[in-house]
Amino acid sequence: MSQLFVDSIQPKTSGGVVSGVGKILQVKSAAFTDVQAISSADTRTDITNLSVSITPSSTSSKILVNTHISYGGTAVNLYGSGNLLRDSTPIGVNTTATGNQLNISFGLNLVGQANETFKLRNSSMTFLDSPSSTSALTYKVQGRVDANGTLYINRPGEDSNADYGSRGISTITVMEVSA
C-alpha cells in the first residue's frame with residue numbers, strides 16, 4: 001500500500017492570489033418572506049424581492065444562479081410557471097415549445113388531487129449563466145399562472161389556521177465563478 005506524507009500543502013499562486021478556475025469570487029442573495037398573490041392570467045409577474053444585482057469582475061466569469069420558490073394555489077389543477085431573467089432577458093428556459101406551449105425555467109403547478117390547495121409546494125432551479133459582461137447585471141425571478149386560480153408565493157392556497165397550515169420563504173442566490 002502506498003503512503004503519502006507531507007508537512008504542508010501550498011496552493012499554486014499568481015500574484016499572491018490562488019489561481020485556477022471554478023473559484024467563487026462573490027456571492028449575492030435575497031430572500032422574500034412575505035406573501036404575494038399572482039392572479040393576472042398569462043402575465044409574468046416579478047416575485048417581490050427576488051432580484052439581485054451583481055457586477056462580474058471579468059467577461060469570462062460565469063454566474064451561478066440558484067432559486068428556491070415556496071408556493072401554493074387556490075385551484076386543485078393550477079398551472080403555474082417560473083422564469084429566470086438576466087435584466088429583461090429570459091435565461092435558463094427551454095427553447096422547443098411550439099404552438100401555445102410556453103418556454104419556461106421551472107414549473108409551479110398543483111396536481112389534480114384532493115386537498116392540493118392546502119399544501120405548500122417547493123420548486124428550485126440552478127443555472128450557470130455566461131453573460132460575457134463586466135457591467136452590473138440584475139437576476140430576478142418571475143411567476144405566471146394561467147386562467148385557473150391564484151398562485152401564492154410562500155403560502156398555500158387555503159390559508160388555514162391549523163397545524164397543517166404553513167408558510168415558507170423564497171430565495172435567489174447568485175455567485176460569480178472564475179472561468
Side-chain angles (χ1 to χ4, degrees), residues 26-56 61-113 116-159 166-177:
Q26 58 177 317
V27 178
K28 303 286 182 81
S29 66
F32 177 52
T33 59
D34 206 346
V35 171
Q36 180 180 359
I38 299 174
S39 56
S40 296
D42 297 322
T43 302
R44 291 182 181 158
T45 303
D46 290 354
I47 297 179
T48 304
N49 204 44
L50 290 193
S51 176
V52 175
S53 292
I54 190 168
T55 304
S61 290
K62 309 286 188 192
I63 304 296
L64 184 63
V65 184
N66 291 300
T67 64
H68 173 84
I69 310 298
S70 292
Y71 70 96
T74 59
V76 172
N77 282 315
L78 181 104
Y79 302 101
S81 59
N83 276 66
L84 182 60
L85 289 90
R86 179 195 338 109
D87 296 327
S88 60
T89 303
I91 60 171
V93 296
N94 195 303
T95 59
T96 62
T98 60
N100 292 325
Q101 297 173 341
L102 300 173
N103 287 313
I104 66 170
S105 298
F106 52 90
L108 297 171
N109 300 310
L110 297 180
V111 297
Q113 297 177 6
E116 216 32 42
T117 60
F118 290 89
K119 299 173 184 175
L120 185 67
R121 297 291 185 194
N122 295 287
S123 189
S124 297
M125 180 181 180
T126 300
F127 182 73
L128 186 63
D129 188 31
S130 301
S132 299
S133 175
T134 55
S135 299
L137 304 169
T138 299
Y139 289 87
K140 66 181 180 178
V141 182
Q142 292 181 330
R144 181 204 152 275
V145 67
D146 73 351
N148 190 22
T150 298
L151 173 69
Y152 284 101
I153 306 301
N154 295 337
R155 64 158 263 204
E158 297 291 336
D159 197 27
S166 57
R167 300 283 178 102
I169 70 167
S170 297
T171 62
I172 183 171
T173 301
V174 299
M175 295 176 265
E176 181 185 2
V177 182

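These numbers come from the heavy atoms of this one structure, side chains and all, not from hydrogens, waters or symmetry mates.
Every residue two or more places apart in sequence or in another chain that forms a side chain to side chain contact (heavy atoms under 4.5 Å, CB included) with Thr134 is listed here: Thr59.
In this structure the side chain of Gln142 reaches within 4.5 angstrom of the side chain of Asp46, judged on heavy atoms. Side-chain contact between Met175 and Asn66 is present, with at least one heavy-atom pair separated by less than 4.5 Å. Side-chain contact between Ile172 and Phe32: absent, with no pair of heavy atoms (C-beta onward) separated by less than 4.5 Å.
For Phe118, the CZ atom counts as densely surrounded, since its 6.0 Å shell holds more than 12 non-hydrogen atoms of other residues, nucleotides or ligands.
Between Asn83 and Ser105, the side chains place no donor N or O within less than 3.5 Å of an acceptor N or O (distance only, hydrogens not considered). Using modelled atom types, one finds a donor on one side chain and an acceptor on the other under 3.5 Å when comparing Ser170 with Asn154.
To the nearest 0.5 Å, atom CZ of residue Phe106 and atom CG of residue Leu84 are 7.0 Å apart. The distance from the OH atom of Tyr79 to the CG atom of Leu108 is 14.5 Å, given to the nearest 0.5 Å. Between Leu102 atom CG and Asp42 atom CG the span is 7.5 Å, to the nearest 0.5 Å. To the nearest 0.5 Å, atoms CD (Glu176) and CD1 (Ile63) are separated by 5.0 Å. Between atom OH of residue Tyr139 and atom OG of residue Ser51 there is a gap of 11.5 Å, rounded to the nearest 0.5 Å. Taking OG of Ser123 as the reference point, atom CG of Asn109 lies at 8.5 Å (rounded to 0.5 Å).
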Tell me, with the steps shown, if Val93 and Ile104 meet side chain to side chain contact (heavy atoms under 4.5 Å, CB included). CA-CA 5 Å; Val93 296; Ile104 66 170; 5.7 Å; no

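The heavy-atom pair separating His68 from Ser70 by the smallest distance is NE2-OG, 3.6 Å. Closest heavy-atom contact between Thr138 and Ser53: OG1-OG, 3.0 Å. A pairwise comparison of heavy atoms in Gln26 and Thr55 identifies NE2-O, 2.8 Å as the closest pair. Nearest heavy-atom pair across Arg121 and Leu110 is CG-CD2, 3.7 Å. Nearest heavy-atom pair across Pro131 and Leu137 is CB-CD1, 3.5 Å. For the pair Ala37 and Thr150, the tightest heavy-atom approach, listed with the atom from each and the gap, is CB-CG2, 3.9 Å.
With respect to Arg167, the side-chain hydrogen bond (donor to acceptor under 3.5 Å, both in side chains) criterion is satisfied by exactly one of Asp34, Asp159, Thr33: Asp159. Partner of Gln36 under the side-chain hydrogen bond (donor to acceptor under 3.5 Å, both in side chains) criterion, out of Thr48, Asn49, Thr45: Thr48 alone.
Residues in residues 122-135 take part in these salt bridge (Lys or Arg N to Asp or Glu O under 4.0 Å) pairs, two or more places apart or across chains: Arg86-Asp129.
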